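For reference, the structure is listed below as structure tokens.
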Amino acid sequence: MINTRILTQEFDYFAPESIKQVVELLERHGEGARVIAGGTDLINQMKEEKMSPSCLVNIMNVKGLRYIKEDEGLRIGAATKLRDVRAYCFKSRYVALYEAISSLGKPQVWNMGTIGGNLCNASPAADTAPPLLVFKARVKLVGKDGERELLLEDFFTGVNSTVLQPTELMVEIHLDPPGDGAGNAFLKVARVGADISKVSCAVFLKRQGRTCTECRVALGAVAPVPMRVKVVEEMIEGREIEESLVAKASEIVSEEVKPIDDIRSSAEYRRQVAAVTFRDVFWKAWDRAIGGKN
Ligand SMILES: Cc1cc2nc3c(=O)[nH]c(=O)nc-3n(C[C@H](O)[C@H](O)[C@H](O)COP(=O)(O)OP(=O)(O)OC[C@H]3O[C@@H](n4cnc5c(N)ncnc54)[C@H](O)[C@@H]3O)c2cc1C
């Protein structure tokens, strides 16, 4: 029977204070070492014996990993708590991220969990991923070979898998500035509030009058990785927005997603709900965009 209450395995534990020390520890302890941030995913996986690291490197005391600042967009330190990101994004130009975190777990989870942990755990249903994808987020990784930055859409490689090397950690998430005439929104469908998503969707767009000049669409829990739907983005960009166009786009969303049957939902249900969710999120983002004369 699965143990969900206690940790049975033994492991070394470190709480370094600098990024350099984290990288050295990861290198010294090899493949068995694991970064731990809030632990809201990792500790559960260890209790369920899905993972048994021989060494945990806690990054919550590391200086320079917890911040939110406006600098050519929004820069968020990877170990910033969900609570702080949520508070910052409320009534900001990044409201889709506020909506995503609000739908994620409960305050206890926001108080412990981090934005970097949500991405590095790489669940297809990670709720911060769709809004970050539509904000064209880039992630900065640091490892023994130095620093690299890549688009978030190139970070995920499969279910619970990413491009992160064993000696690397994520240090920053950088969102593009939204600019004028922009609107964004996020919606999630789950069994009850705060449950893991059956389907989630974020839209970012810009409008001028009735014309959509820029559009990005991302969905979660409908493919092995959180995904952009670029064919729909191209169909909408530069067009006058009418109900019929958005209805057609939502049909294409349901054709493009690659859902599976699992304990939360059937693939067929996810296909249909993806279309409806996209449509609702699109109109919400559209109404939020300030686009001059209508
Ligand atoms: C009751 C409950 C409800 C939840 N509901 C939701 C939900 O609705 N939606 C949702 O998306 N999630 C949900 N979660 C999952 C979880 O809370 C989030 O994914 C959270 O953001 C994870 O962050 P963490 O700091 O706790 O990560 P951890 O558990 O500390 O780490 C997760 C993984 O990421 C790695 N990692 C963490 N930070 C870094 C870093 N900076 N660099 C490299 N690797 C790193 C760890 O090694 C580990 O593999 C829920 C969890 C609980 C317990």
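In each ligand, atom 1 is the first atom listed, and ligand 1 is the first ligand listed. In this text, all values refer to a predicted model and were calculated from it rather than measured experimentally.
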Review point. Do Y94 and N184 pass the side chain to side chain donor-acceptor pair (under 3.5 Å) test, and can you show the C-alpha distance, the side-chain angles, and the key distance before you say yes or no?
Key: CA-CA 7 Å; Y94 306 91; N184 58 85; over 6 Å; no
Check your understanding: Could K206 and D180 be called an ion pair, given the rule that one side-chain N must be under 4.0 Å from one carboxylate O?
Key -> no
Point to revise | Polar contact flag for N118 and ligand 1 (N/O pairs, less than 3.5 Å) | key: yes
Check your understanding: Any nitrogen or oxygen of A37, main chain or side chain, under 3.5 Å from a nitrogen or oxygen of ligand 1?
Key -> yes
Practice item. Would you mind telling me if ligand 1 is within reach of the side chain of A125, the backbone, both or neither, using heavy atoms under 4.0 Å? Key: backbone
Exercise for review: Please name all residues satisfying side-chain hydrogen bond (donor to acceptor under 3.5 Å, both in side chains) with S200, sequence neighbours left out, ordered by chain then number.
Suggested key: none
Check your understanding: Backbone or side chain, does any N or O of T114 fall under 3.5 Å from an N or O of ligand 1?
Key -> yes
Point to revise | K188 near ligand 1 by a heavy-atom separation under 4.0 Å | key: yes
Review point. So is there a nitrogen or oxygen of M170 less than 3.5 Å from a nitrogen or oxygen in ligand 1?
Key: yes
Study note, to complete from the structure: Any heavy atom of N44 under 4.0 Å from ligand 1? The part involved is side chain
Exercise for review: Please confirm whether L82 comes within less than 3.5 Å of ligand 1 when only nitrogen or oxygen atoms on both sides are compared.
Suggested key: no
Check your understanding: Which pairs, with at least one residue in residues 46-86 and sequence neighbours excluded, count as a ring pair (Phe, Tyr, Trp, His ring centres under 6.0 Å)?
Key -> none
Check your understanding: Taking distance alone, with no angle check, do G38 and ligand 1 share an N/O pair under 3.5 Å?
Key -> yes
**Study point:** Backbone N/O of I241 and side chain of R210: donor-acceptor pair under 3.5 Å
**Key:** yes
Point to revise | Heavy-atom proximity to atom 43 (C) of ligand 1, best of P226, A122, C120 | key: C120
Point to revise | Option whose closest heavy atom lies nearest to atom 10 (C) of ligand 1, chosen from L164, L104, T162 | key: L104
Exercise for review: Before accepting this row, confirm whether a basic side-chain N of the pair D41/K50 lies closer than 4.0 Å to the acidic partner's carboxylate O.
Suggested key: no
**Study point:** Polar atom proximity, L42 to ligand 1 (N or O, under 3.5 Å)
**Key:** yes
Practice item. Indicate the ring-plane relationship of F282 and W286, choosing parallel, tilted or perpendicular according to the 30° and 60° boundaries. Key: parallel
Check your understanding: Could E27 and K144 be called an ion pair, given the rule that one side-chain N must be under 4.0 Å from one carboxylate O?
Key -> no
Review point. Is the shortest N/O to N/O distance between D127 and ligand 1 below 3.5 Å?
Key: yes
Practice item. Quick one: sort the F135 and F204 rings into parallel, tilted or perpendicular, breaks at 30° and 60°. Key: perpendicular
Check your understanding: Would you say ligand 1 has an N or O under 3.5 Å from any N or O of I59?
Key -> no
